[in-house]
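Throughout, numbering of the chain's residues begins at 1 and tracks the sequence.
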Amino acid sequence: MTRILIILAIAAVVFTVFSVVDCAIQPETRHRGVPKGVWIVIVLVPVIGGLLWFLIGRGREGQVPAGSARPTAPDDDPAFLSSADERIRRLEEELAMLDAEEQFDAEAFDPRAEKPGDEDEGDADDPDDDRRDGRGEA
């Protein structure tokens, strides 16, 4: 009978040590119910503390903690989509402004652009003008 009690005591110590180490190395997000420090104190109670830790306190690997929101993909997040739509709209407005500015600059500084009142003067490179002046081939 003494041998069985010694073996059970050794098993209880090993289980308690294993439970304390497991509780201590788990990240805060995997502790359910109470904070990590409280779980370590609970686990120090031989056998019962370890059982409570493994049955109640330890969260599973793939389990999302109750207090945190599950991450969503950007295309499933309405807030992200609305901010992306707003950003696209602003970029399109900026591009339209840049295009208008570029077109204005091209019209203002283009030496080939006709100015009002210059309609009588011909373009020197126009072959039709050369024929009328008698300089071109007929």
Side-chain angles (χ1 to χ4, degrees):
M1 182 74 173
T2 309
R3 288 183 184 172
I4 293 176
L5 289 176
I6 292 175
I7 291 173
L8 287 176
I10 291 173
V13 170
V14 168
F15 179 70
T16 303
V17 169
F18 178 75
S19 300
V20 169
V21 169
D22 185 62
C23 181
I25 64 171
Q26 295 297 322
E28 282 286 331
T29 58
R30 302 252 328 255
H31 289 77
R32 291 189 293 185
V34 292
K36 185 176 188 174
V38 176
W39 271 116
I40 292 176
V41 172
I42 292 171
V43 171
L44 288 175
V45 176
V47 181
I48 296 172
L51 286 174
L52 288 173
W53 166 246
F54 285 109
L55 295 176
I56 298 172
R58 185 176 189 210
R60 293 193 181 109
E61 182 74 34
Q63 188 177 26
V64 177
S68 69
R70 182 176 179 198
T72 58
D75 58 343
D76 292 337
D77 186 8
F80 176 80
L81 291 176
S82 65
S83 68
D85 289 342
E86 176 65 25
R87 183 170 180 253
I88 289 171
R89 187 188 58 76
R90 280 189 286 120
L91 288 173
E92 286 176 346
E93 287 176 359
E94 289 178 21
L95 284 174
M97 288 175 48
L98 287 173
D99 285 344
E101 185 178 304
E102 184 178 299
Q103 185 179 11
F104 175 76
D105 289 344
E107 289 174 359
F109 297 109
D110 189 11
R112 295 178 293 171
E114 291 187 19
K115 297 177 184 170
D118 290 344
E119 297 167 1
D120 294 335
E121 297 178 19
D123 196 8
D125 296 333
D126 191 4
D128 292 334
D129 287 344
D130 292 341
R131 287 189 203 127
R132 279 185 247 133
D133 289 344
R135 292 182 277 163
E137 299 173 20

* Would one find more than 12 heavy atoms of other residues, nucleotides or ligands at under 6.0 Å from atom CD of Glu93? -> yes
* Which residue pairs pass the salt bridge (charged side-chain N to carboxylate O under 4.0 Å, His left out) test with at least one member in residues 13-24, sequence neighbours excluded? -> Asp22-Arg58
* Under the side-chain contact (heavy atoms from CB on, under 4.5 Å) rule, collect the residues that match up with Glu86, sequence neighbours excluded. => Arg89, Arg90
* Does Val38 have any side-chain contact (heavy atoms from CB on, under 4.5 Å) partners at least two apart in sequence or in another chain, and if so, which? -> Val34, Pro35, Ile42
* **Common cluster, Leu51/Ile56, ILVMFWY with side-chain heavy-atom separation under 4.5 Å** => yes
* **Main-chain N/O of His31 paired to Lys36 side chain as donor or acceptor, under 3.5 Å** => no
Only pairs under 3.5 Å count here: list side-chain donor-acceptor contacts from residues 12-21, not counting sequence neighbours, and write none if there are none.
from  : atom 1 : to    : atom 2 : distance (Å)
Thr16 : OG1    : Ala12 : O      : 2.7
Ser19 : OG     : Phe15 : O      : 2.8

* To do: Check side-chain contact (heavy atoms from CB on, under 4.5 Å) between Pro27 and all other residues, then give those that pass, not counting sequence neighbours.
  => Thr29, Arg30
Taking only distance into account, with no hydrogens and no angle test, what donor-acceptor pairs under 3.5 Å do side-chain atoms of residues 1-9 form with protein atoms, sequence neighbours excluded?
none

* With no hydrogens and no angle check, is any side-chain donor or acceptor of Trp39 less than 3.5 Å from a backbone partner on Arg32? -> yes
* To do: Group every Ile, Leu, Val, Met, Phe, Trp and Tyr by side-chain heavy-atom contacts under 4.5 Å, then state whether Trp53 and Ile25 land in the same group.
  => no
Using atom types as modelled, flag every donor-acceptor pair under 3.5 Å from a side chain in residues 94-101 to any protein atom, sequence neighbours excluded.
none

